[in-house]
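Some notes on the structure that comes next.
Only heavy atoms go into these numbers, but all of them, side chains included; no hydrogens, no water, no symmetry mates. In what follows, chains are A, B, ... by sequence order, proteins preceding strands, each numbered from 1.
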Amino acid sequence: MIEIKHLYKRYGRFLALNDFSLNVAQGELFGFVGSNGAGKTTTMRICVGLLKADGGEVLIDGKNMLRNHRELAEKVGYVPDYFGVYKSLSASEYLHFFANAYGIYGKDADKLSAELLDLVNLTHKKDVDVNGLSRGMKQRLCLARGLVHNPDILFLDEPASGLDPKARYELKEILKNLSSMGKTIIISSHILPELAEMCTSVGIIDKGHLVLQGSIEEIHRAAAMSSPLNLTVNENQIDDVFAILQSNPFVQKVTAQGSILKIVFTGTKEDEGKMLASLVSSNIAVNSFYREEGSLESLFMQIVSGQAAAPKRS
Amino acid sequence: MSKPKKNKTNAVLYKEMTIDMKRPKIMIIMLLINMFLVPISFCFFMGIMISSVAASCSYRVLAWYLIAMVFVEATLLLFLTPAITAGSISLEKERQTLDVLLTTRMTPWEIIKGKYGSDFIFLALMVISTFPLLALVFIYGGISFFQLLYIGLVLLVFIGFISCFGIFFSALTKNTIVSVILTYLFVMIYISITLSFPFIVQAIIATINEMLYEDKNLFAWITNPHFINGDIFIMLGTFNPLLMIFDVLGNTIGYDFGDMYSVKGMISLCGTDVLPHFTQSNILVKLWTPISMIEMILISLGVLKLSAVILNPVKGKVKEKKRNVSIANQQQ
């Protein structure tokens with residue numbers, strides 16, 4: 001449904017997007033993760049037609065976003081990482097205005113505004129000035145604004161940023177609800193675990209390049225595999241163990257802390273078994289062999305610092 | 001969620017008209033401009049009343065009243081219009097609402113039209129609100145209702161013309177203060193240049209002719225067909241909005257003043273021997289105001305279109321493949 005092909009974007013000397021490609025299927029709740037300045041917002045702004053890429057293209061339902069902006073604007077909703085609210089308007093008037101911007105007026109706009117306020121649990125605040133709403137409420141109102149034209153695709157740029165736990169929970173519930181309606185949602189954040197809780201798939205961007213993309217199960221698996229293997233052997237056999245490990249193609253790095261060896265291993269469970277068997281068959285006294293519990297945060301940190309050899313699926 | 005029917009009303013204009021126009025700020029500005037004009041009007045009529053006691057009063061005095069009021073109003077509008085219009089788009093940028101608007105179905109041209117339309121309507125209301133004060137000239141007569149309406153129409157073209165520059169600089173800059181300053185500067189420079197340029201050009205041409213033909217008579221080129229004829233440059237004056245107001249006032253009330261208070265009167269002040277083509281029958285002299293109005297409407301449209309181009313976040317066409325290669329090369 002959304003195909004991003006070889007995007008390039010440069011701001012002066014800084015290359016914000018470097019051959020960035022991504023596919024998001026219809027109905028996915030896609031988490032777009034990257035550290036600050038990785039290129040998330042730039043990608044989103046190009047996708048919604050607010051920025052022109054220096055190279056590459058964005059296809060939505062097979063149509064180029066730039067060339068068919070007016071037509072595709074009907075299909076795409078965008079909630080930027082700022083509120084963009086008119087302070088003098090009430091919540092209801094605000095949604096009315098954006099309904100008008102999509103050509104919806106009068107009773108239709110009234111009905112739509114009421115529906116949307118209900119969807120984001122703000123019906124009780126419909127007559128309150130937007131300025132008087134809390135941060136979480138403003139974020140929900142902006143989400144409602146992005147849904148005014150009932151788009152098939154929704155781009156949300158760091159919507160949970162600055163929200164308290166309650167507001168985050170409410171936002172997540174709304175997004176899950178929207179996802180169940182069949183909408184394709186692309187949500188960006190710099191916190192991978194936060195997105196992993198609700199997304200169906202995730203992509204990690206670093207220095208303007210997609211470094212990892214996969215389903216949430218694959219990401220969890222990658223996280224589990226990204227933590228090092230712990231091997232405890234007799235100290236007098238350390239040199240022999242090093243020699244064996246060096247010959248294994250899946251061993252990236254080995255560090256010794258006394259009799260404990262920490263092995264960065266990129267192979268599968270089967271490969272792990274084979275490595276253990278080769279150690280045992282070489283008469284190495286293996287006292288313990290286990291993998292540390294992996295976390296999404298550590299996976300993300302390893303990816304952005306270039307240590308992890310995570311599986312990339314395109 | 002249901003998909004309702006689509007309507008083509010401009011959302012920005014609709015919002016400004018239905019919500020923003022109800023704000024007290026709007027009423028206060030209208031009140032202030034009228035409060036500024038009322039004392040002038042009061043002083044004039046007091047003066048007439050006092051002088052009428054001693055002697056009869058000519059209706060020409062009322063013509064002076066109209067000239068004074070229209071020029072004071074035009075000056076007020078000249079200062080007020082940039083302040084009102086130069087924040088239209090830049091405020092949207094400062095509030096970060098412009099990006100959101102640009103992702104809707106509205107095109108940059110529609111946003112510009114909405115903003116310009118609402119500002120223009122507000123300024124037009126301000127002009128209309130001062131009409132009762134201008135209409136006081138009807139007490140003594142000498143001017144018809146349609147002539148007053150024509151003056152009003154010229155004032156509307158005037159504010160429409162100044163407004164478009166406010167919108168342009170507002171679209172060009174991100175900061176309202178910068179936009180307001182740029183608009184004031186531009187308007188002042190534009191008015192000064194279009195006011196002085198035609199006459200400067202005349203003087204330059206006369207000097208060149210004198211140098212070329214070594215004729216000590218500065219105006220010899222007028223009678224000698226071989227000399228450079230600079231009459232056409234007078235037409236540059238039609239681009240000046242103040243001259244347009246000056247001309248319409250002169251045409252309306254100038255008959256008893258020997259044309260002194262119109263553009264043609266001003267040209268004739270130079271002496272008909274200086275600009276022999278600009279006689280009463282000259283088409284430019286006759287149609288100065290309509291020509292000025294058409295020029296200003298066209299310039300306004302052009303400037304607004306340019307503003308829409310500036311506002312478009314994805315200007316120009318994309319040349320994906322060619323650019324890809326060049327950036328890929330830079331990478332290597």
Can you tell me if A:Q26 and A:T184 form a side-chain donor-acceptor pair at under 3.5 Å? no
Counting only heavy atoms closer than 4.5 Å, note whether A:V85 contacts chain B via side chain, backbone, both or neither. backbone
Exercise: do B:R95 and A:Y86 side chains pair donor with acceptor under 3.5 Å: no
Output the option from B:V12, B:L98, B:L91, B:V100 having the highest count of non-hydrogen pairs under 4.5 Å with chain A. B:V100
Salt-bridge test for B:K115 and B:E92: reply yes if a basic N is under 4.0 Å from a carboxylate O, no otherwise. yes
Can you say whether A:I46 sits under 4.5 Å from chain B via the side chain, the backbone, both, or neither, judging by heavy atoms? neither
Heavy-atom contact with chain B under 4.5 Å, split by part of A:L51: backbone
Backbone of B:T130 reached by a side-chain donor or acceptor of B:E73 within 3.5 Å: no
Please lay out, stage by stage, how B:T9 and A:N100 fare under the test side-chain hydrogen bond (donor to acceptor under 3.5 Å, both in side chains). CA-CA 8 Å; B:T9 313; A:N100 295 166; over 6 Å; no
Sort out for me which of B:D99, B:I111, B:N10 touches chain A most, counting heavy-atom pairs under 4.5 Å. B:D99
Heavy-atom distances under 4.5 Å only: say whether A:H69 touches chain B with side chain, backbone, both or neither. side chain
In terms of heavy-atom proximity below 4.5 Å to chain A, should B:T107 be classed as side chain, backbone, both, or neither? both
Taking atom types as modelled, find out whether A:D157 and A:T41 have a side-chain donor-acceptor pair closer than 3.5 angstrom. yes
